[in-house]
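Okay, so here's the structure we're looking at.
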2 protein chains.
Amino acid sequence: MAKASTVYDVAGHAGVSIATVSRVLRRPDDVRASTRDKVLASVAELGYVPSANARGLAARRTGVLGLYFPNLDAMEELDDGEFDASSLVEVVQDIPDSGLVRPPNLYFDEVLRGSELEAWRQGFALMVGVGRVAYPADMVNDIAGRVDGMAVLAQSIPDSVLQHVSRRIPIVLIAGPRRGDSYDHVSVSNSEGMGALTTHLLDSLAVTDFAYVAGPDDSPDGAERYSGFRQALHSRGLDPDARPVLHGGFSRQRGREVATQLVNDGKLPRALVCGNDQMALGALDVLRAHGVRVPDEVIVTGFDGIEAGQTSSPRLTTVRQPMVDLGRAAMRVMLSRLEDPKQPPISVRLPVKVLLRESSEGPVDSSS
Amino acid sequence: MAKASTVYDVAGHAGVSIATVSRVLRRPDDVRASTRDKVLASVAELGYVPSANARGLAARRTGVLGLYFPNLDAMEELDDGEFDASSLVEVVQDIPDSGLVRPPNLYFDEVLRGSELEAWRQGFALMVGVGRVAYPADMVNDIAGRVDGMAVLAQSIPDSVLQHVSRRIPIVLIAGPRRGDSYDHVSVSNSEGMGALTTHLLDSLAVTDFAYVAGPDDSPDGAERYSGFRQALHSRGLDPDARPVLHGGFSRQRGREVATQLVNDGKLPRALVCGNDQMALGALDVLRAHGVRVPDEVIVTGFDGIEAGQTSSPRLTTVRQPMVDLGRAAMRVMLSRLEDPKQPPISVRLPVKVLLRESSEGPVDSSS
DNA sequence: ACCGAAACTGTATGCGCATACACTCGGCGG
DNA sequence: CCGCCGAGTGTATGCGCATACAGTTTCGGT
């Protein structure tokens, strides 16, 4: 590592020109086999690794796709802790589930996985950025300068910034509402999914007594879901406005608070429809603690399909978002845009799955 | 996006030289305020975003740190599915927990989070790569050419490749065993943690009848944990070799298989010590299905501290790895190495926490 | 009003690679 | 035996920026 070797070093060592070295690496078939072997031997000998910067500069593309997340509260909590190795083991009664120490966002992780997978399959590297509240613009700019295209989750970026960077690279919006119609967009069927779930409760389980636990007011996903809920009720002649809406925050803790309130007020509905899984799990925590039987007394449903809903007891009925596919789709759309920059804006809408489990359907054999 | 503008465009637009533009962006204080404003106005006007490639080339550093994961079986499963939007909603009884459709690796996700956090805090971007079995060398090389330093998880890379790229950039190994003594290394106290947990079972719960469910043979973490288990027994005068060892694969399914076997053979031990949480959860599945009471009849323990162990019933006693800190520590070590390339190899060992929960301690109030 | 230092800005160069183009060389048809 | 062609290789250039260095302006002091 004394000094990274360059094409020139390799060329000198192999007795060829730098052009030949470059060809051996980029278009091996254009080089005579014997020459190629000579060069490759030198590459190995010198530990040569091409500089992506130089390559990117010369080729006018970086070969990198970007993925930008908004910052979820959970991440910030990590900021403080210094790791301290004073003792290598500590035996403790379990730390309380703060919901923060263990970041709960399966959601992003899966989008990330999907993106990573698709990007590499298409021959691109992936760069990840998680927004810190303080200086989103700088980070976004930084990433934008490093990539050939960038996917942005929900509304993690102010419009002005988005507009600025979009003059350099294509932008794909993931989830969230459309923003203007100049960007490509990938989202899931939030309203249809919640609608289908609600309809199931209405038609198959004959539920009419609902309460809805909404997400944060500024969540477009949350809004779409609630809208789906309302439409389902409306289509069956029920008045959505007659159903109580409890405002949450998409956190487990918030779900607990809402449920606690309902219990205390003695206003438990037949079905508690939650805007996401975290809140539903929080509600389950409270109901279980109060001895309320789910689903016999109260049906609870979520949205997202996170893993924890699969191992909770009872297991959570929910709407599964194809989060991995969201990431994959975003990357594909981006590549398609790179290939043909002037095609009209693309908008992909991914299907969801309503998963019926014990929190709504009653006991099911879980011996699997 | 017609044609990304450059320093030259901005310089021309603002009526200054490119050097001044560059300075405005890099060292604003070296430029007169009035000039700076002029330039910034042009930057905004033109939608200028500096090319990280050019910058990196000129500055001889990329400002990016790399993180490379081995490929876990789970990822591959995603390869096939095309997303198909023929229907936007589908209502289904829950799909069986294949353990594949929902990638279970909280582990990597958290290391990633930690890395991402620390990298950005230090002013670096993060690039992620997940190894595909087919061509790890190419991917590693590719990343190595793009970053100032790379962290590698466990043994995801052949020694030869590692050696090659390490001539260009510093490498930090995360988890896994040391490899030679030329690389920096970050790991957790696997053996100490498992030792402490085992000792607790021995001393506080008076268990002597153990069975150990090991991980895959090629997992160094698994080996260290088993070693900690053995040492604990040995230190209490018990013979480790008298305790059955069941070989697993770190998957939930494997945990189920092992547990099923034990049940069928009527050889359930007092305590089932598992090499990771996934297997432990799989064992819980089976024990519950067979009506075996945990922890009254059988104590089950895991290792890792994944979230699912926190919501399982009973909640899982385990050893919590500071996975987020692993990532953070790796990045810090890397930066320290970049600052002073010739300091002796660093080896950081992070502490773990033994978390006592209901799968070993009996009923606990879980109303929280 | 003059001088020198300090503050500021411009000019020139190179980072490491891809690639257009020029060139060499061997084989082939005429 | 000559000229032509294509495979293979070398030469020269530019990608967009940072920065050393040179040049210019500003400003305090006298």
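Numbers restart at 1 for each chain; the letters A, B, ... are given by sequence-line order, proteins then strands.
Here C:dG16 presents its C1' atom at 7 Å from OH of A:Tyr48, a figure rounded to the nearest Å. Atom C1' of nucleotide D:dC15 and atom CZ of A:Arg168 are separated by 12 Å, given to the nearest angstrom. Between the CZ atom of B:Arg27 and the C1' atom of D:dA18 there is a distance of 10 Å, rounded to whole Å. Note: CG (B:Asp37) to P (C:dT9) measures 11 Å, nearest angstrom. Distance A:Asn53 CG to D:dA18 C1': 13 Å, rounded to the nearest Å. What separates NZ of B:Lys38 from P of C:dG10 is a distance of 8 Å, to the nearest Å. Atom CG of B:Leu57 and atom P of C:dC15 are 9 Å apart (whole Å).
Closest approach of A:Leu153 and A:Ile174 over heavy atoms only: CD1-CG2, 3.1 Å. Nearest heavy-atom pair across A:Leu57 and B:Ala54 is CD1-CB, 3.7 Å. The heavy-atom pair separating B:Ser166 from B:Ile171 by the smallest distance is CB-CG1, 3.8 Å. Contact between B:Leu67 and B:Val111 at its shortest, heavy atoms only, is CD2-O, 4.5 Å. Contact between B:Arg337 and B:Gln343 at its shortest, heavy atoms only, is NH1-O, 2.6 Å.
For A:Ala59, taking side-chain heavy atoms from C-beta onward, the closest of the listed nucleotides C:dC17, C:dA18, D:dG16 is C:dA18.
Of the two residues contacting DNA chain D, namely A:Arg36 and A:Arg60, the nearest-nucleotide position lying further toward the 5' end is that of A:Arg36.
Considering only heavy atoms from C-beta on, A:Met331 stays 4.5 Å or farther from A:Gln122 through its side chain.
Of the options B:Val147, B:Leu338, B:Asp148, a side chain to side chain contact (heavy atoms under 4.5 Å, CB included) to B:Pro170 is made by B:Leu338 and by none of the others.
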In sequence, state the C-alpha distance, the side-chain angles, and the governing distance for A:Asp109 and A:Arg113, and then conclude on salt bridge (Lys or Arg N to Asp or Glu O under 4.0 Å).
CA-CA 6 Å; A:Asp109 293 331; A:Arg113 282 166 191 267; over 6 Å; no
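Under a 4.0 Å N-O distance rule, the pair B:Asp30/B:Arg23 does not qualify as a salt bridge.
DNA chain D is contacted by B:Tyr8, B:Ile18, B:Ala19, B:Ser22 of residues 8-25 of chain B, taking any non-hydrogen atom closer than 4.0 Å.
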Do any N or O atoms of the protein come closer than 3.5 Å to N or O atoms of nucleotides 4-8 of chain D, and which pairs are they?
residue	atom	partner	partner atom	Å
D:dG8	O3'	A:Arg32	NH2	3.3

